[in-house]
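One structure is given here, and the rest of the page talks about it.
What's counted below: heavy atoms across the whole structure, side chains too, no hydrogens, waters or symmetry copies. In this chain, numbering begins with 1 at the start of the sequence shown.
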Amino acid sequence: MKKRRVILVTDGDEFAYRTIQYIAGQIGGRCISRSHGNPTRLAGKELVQLILQTPYDPVFVMFDDCGAIGEGAGEQALKYVATHEQIEVLGALAVASNTRKHEWAKVHVSIDRDGNVTEYGVDKEGICELEVGRINGDTVYCLDQLKIPIIVGIGDIGKMGYRDHIKYGSPITRKAVELILERSGYHADQNE
């Protein structure tokens, strides 16, 4: 049974949706368009069915809790997808929000609004925080419970003071995705 390779994205608003669709097209991947929404509308089981129908990898799936504290619909769906036997998680984009320490997760690295890789977490605007390896976000609480090879912290996808806007090619999100693909060994597997 061949596993589908997936990148998890902890944001599902319209900006994130357009940006992830664009980046997926740029790298030859697929985006589950029905996974976008604020909050997530589909259950994990429905998302897995859609993932398994996609013609090629990597598959991007968006999850959003719409600011709910604790485990909301987005996190429940994320956990189901990430632990499914037919899914191989390549990595996650942990998107910062203004939750102010209510929900946070460990990140391996972050990409700031200038495109720099940093050990510090970033805020919603993509500005470095004071804490190393930690990001405050809306739908990130469950990431620490999962076996995810690389978690990249990032500011608000498609925004960050227009620095990640799609009209500029969404360079911050693209760099974060390329980092996941590189560190996960995805490119090496494609070349074999």
Closest non-hydrogen atom pair between Thr40 and Ala77, with its separation: CG2-CB, 4.4 Å
Is any side-chain heavy atom of Gln145 less than 4.5 Å from a side-chain heavy atom of Glu75? no
For residues 28-59, which residue pairs pass the ring pair (Phe, Tyr, Trp, His ring centres under 6.0 Å) check, not counting sequence neighbours? Tyr17-His36
Under 4.5 Å side-chain heavy-atom separation, chaining through any Ile, Leu, Val, Met, Phe, Trp or Tyr, what else clusters with Leu130? Say none if it is isolated. none
Over all atoms of both residues, closest heavy-atom pair of Val107 and Ala94: CG1-CB, 4.1 Å
Same cluster for Trp104 and Ile151 if Ile/Leu/Val/Met/Phe/Trp/Tyr side chains link at under 4.5 Å? no
Tell me, please, which residues at least two apart from Tyr168 pass ring pair (Phe, Tyr, Trp, His ring centres under 6.0 Å). none
Gap between atom CD1 of Ile157 and atom CD1 of Ile166 - 0.5 Å precision: 11.5 Å
With sequence neighbours left out, what residues match Ala73 under side-chain contact (heavy atoms from CB on, under 4.5 Å)? none
Shortest non-hydrogen contact from Val152 to Ile180? CG2-CG1, 3.8 Å
Hey, any chance Leu179 and Val177 share a hydrophobic cluster, counting ILVMFWY side chains that come within less than 4.5 Å of each other, even indirectly? yes
Evaluate the side-chain proximity of Ser97 to Val140: yes if any heavy-atom separation is below 4.5 Å, no if none is. no
Tell me, do Leu146 and Leu78 make a side-chain contact under 4.5 Å, heavy atoms counted? yes
All ring pair (Phe, Tyr, Trp, His ring centres under 6.0 Å) counterparts of His165, not counting sequence neighbours: Tyr162
According to a 4.5 Å side-chain heavy-atom criterion applied to Ile, Leu, Val, Met, Phe, Trp and Tyr, with indirect links allowed, do Phe15 and Ile7 form part of one hydrophobic cluster? no
Please tell me if the side chains of Asp156 and Val95 come closer than 4.5 Å, counting only heavy atoms from C-beta onward. yes
From CG (Leu143) to CD (Glu103), nearest 0.5 Å: 10.0 Å
Inter-residue atom distance Arg5.CZ - Leu181.CG, 0.5 Å rounding: 9.5 Å
Hydrophobic clustering (ILVMFWY, side-chain heavy atoms < 4.5 Å, transitive) - are Ile23 and Val9 grouped together? yes
Hydrophobic cluster identity match, Ile135 and Val132, side-chain contacts under 4.5 Å: no
Which residue pairs satisfy the salt bridge (Lys or Arg N to Asp or Glu O under 4.0 Å) criterion with at least one member in residues 160-171, sequence neighbours excluded? Asp114-Arg163
Would you say that Thr10 contacts Asp138 through its side chain, given a criterion of any heavy-atom pair below 4.5 Å between the two side chains? no
Taking the side chain as every heavy atom from C-beta outward, state whether Phe63 and Val81 have any atom pair closer than 4.5 Å. yes
Using modelled atom types and a 3.5 Å cut-off, is there a donor and acceptor pairing between side-chain atoms of Ser110 and backbone atoms of Tyr120? yes
Who passes side-chain hydrogen bond (donor to acceptor under 3.5 Å, both in side chains) against Glu125, sequence neighbours left out? none
Do NZ/NE/NH1/NH2 and the carboxylate oxygens of Arg174 and Glu178 come within less than 4.0 Å? yes
Once you round to the nearest 0.5 Å, how far does OG1 of Thr54 lie from CD1 of Ile32? 5.0 Å
Could you pull out all residues at least two apart from Tyr80 that satisfy ring pair (Phe, Tyr, Trp, His ring centres under 6.0 Å)? His84
If you look at every heavy atom in Met62 and Ser35, which pair is closest and at what distance? N-OG, 2.9 Å
Taking all non-hydrogen atoms of both residues, which atom of Val117 and which atom of Val109 are closest, and how far apart? CG1-CB, 4.0 Å
Do the non-hydrogen side-chain atoms of Arg183 and Pro149 ever get within less than 4.5 Å of each other? no
So does Lys175 have more than 12 non-hydrogen atoms from other groups sitting under 6.0 Å from NZ? yes
Considering residues at least two apart in sequence or located in another chain, which fulfil the side-chain hydrogen bond (donor to acceptor under 3.5 Å, both in side chains) criterion with Asp144? none
Can you tell me how far the CG atom of Asn38 sits from the CG atom of Asp11, to the nearest 0.5 Å? 7.5 Å
Give me each pair satisfying salt bridge (Lys or Arg N to Asp or Glu O under 4.0 Å) with a member in residues 13-32, each pair once, sequence neighbours excluded. Asp13-Lys159
Scanning both residues in full, the closest heavy-atom pair of Met160 with Arg113 reads O-NH2, 3.7 Å
Asp112 side, atom CG; Cys128 side, atom SG - distance, nearest 0.5 Å: 4.5 Å
Going by side-chain contact (heavy atoms from CB on, under 4.5 Å), name the residues that satisfy it together with Gln76, two or more places apart in sequence or in a different chain. Glu71
Tell me which donor-acceptor pairs under 3.5 Å the side chains of residues 42-52 have, and how far apart each pair is, sequence neighbours excluded?
from	atom 1	to	atom 2	distance (Å)
Glu46	OE1	Ala43	N	2.8

